[in-house]
Amino acid sequence: MSLKNNYDVIIIGGGASGLVAAYEAAHNSQSVLVVEKGHNLGGSGNYIEGAFAVDSFMQKKHADYHLTKEAALNEELNYSHYKADTNTWKQYIDGSADIIIKWLKDLYEYI
């Protein structure tokens with residue numbers, strides 16, 4: 001890999017959001033440089049196990065399945081050996097039901 005002097009987009013941080021931004025920019029024919037201070041790319045995205053929707057109507061339909069926001073947070077922090085950012089995970093979990101519902105609606109409208 002060779003570095004050049006000029007880029008259309010320079011992204012600071014190679015976490016999940018930075019990588020998505022890099023992909024979108026490159027996909028739109030822009031030259032991209034991602035700068036990451038860590039030893040690897042991915043950030044807290046390295047600890048993502050899959051999509052879920054805590055307190056969503058889908059979860060509530062299954063009376064035998066009880067996942068609280070606190071339990072989800074503790075599971076993710078434990079899984080990452082407390083390397084994942086707590087505040088980022090709290091925000092993600094708090095919005096998880098709305099995120100999934102929006103994604104499903106967008107997907108349905110696209111089909």
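Sequence positions, counted from 1, serve as the residue numbers for this chain. Computed from a predicted model, the values in this text were never measured in an experiment.
The distance from the CG atom of D85 to the CD atom of Q91 is 8.5 Å, given to the nearest 0.5 Å. Taking CD1 of I99 as the reference point, atom CG of L104 lies at 12.0 Å (rounded to 0.5 Å). Annotation: the span from S29 atom OG to D8 atom CG amounts to 9.5 Å, rounded to 0.5 Å. Remark: E36 CD to I12 CD1 distance equals 10.0 Å, nearest 0.5 Å. Separation of atoms CD (E70) and CD1 (I93) is listed at 10.5 Å; rounding is to 0.5 Å.
Aromatic ring pairs are classed by plane angle as parallel below 30°, tilted from 30° to 60° and perpendicular above 60°; the pair W89 and Y92 is perpendicular.
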**Request:** Give the intermediate values and the outcome of side-chain contact (heavy atoms from CB on, under 4.5 Å) for residues D98 and I100.
**Result:** CA-CA 6 Å; D98 291 336; I100 294 296; over 6 Å; no

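Applying the salt bridge (charged side-chain N to carboxylate O under 4.0 Å, His left out) test to D94 and every residue at least two apart in sequence or in another chain returns K69. For T86, the side chain to side chain contact (heavy atoms under 4.5 Å, CB included) partners are L73, L77, K90, not counting sequence neighbours. The ring pair (Phe, Tyr, Trp, His ring centres under 6.0 Å) test applied to Y7 returns no partner, not counting sequence neighbours. A search for salt bridge (charged side-chain N to carboxylate O under 4.0 Å, His left out) contacts involving K102 returns D106, not counting sequence neighbours. Residues passing the ring pair (Phe, Tyr, Trp, His ring centres under 6.0 Å) test with H39, sequence neighbours excluded: none.
A donor-acceptor pair under 3.5 Å is absent between the side-chain atoms of E75 and the main chain of A71, judged by distance alone. A distance-only check finds a donor-acceptor pair linking the side chain of N28 to the backbone of E24 [under 3.5 Å].
Residues V54 and T68 have side chains not in contact (no heavy-atom distance under 4.5 Å, counting atoms from C-beta outward). At least one side-chain heavy atom of K4 sits less than 4.5 Å from a side-chain heavy atom of S31.
Within a 6.0 Å sphere centred on CG of N6, other residues, nucleotides and ligands contribute 12 heavy atoms or fewer.
Pairing each heavy atom of A53 with each of A97, the nearest pair is CB-CA, 3.8 Å.
Within the hydrophobic cluster formed by Ile, Leu, Val, Met, Phe, Trp and Tyr side chains joined at under 4.5 Å, directly or through other members, V34 is accompanied by V9, I11, V32.
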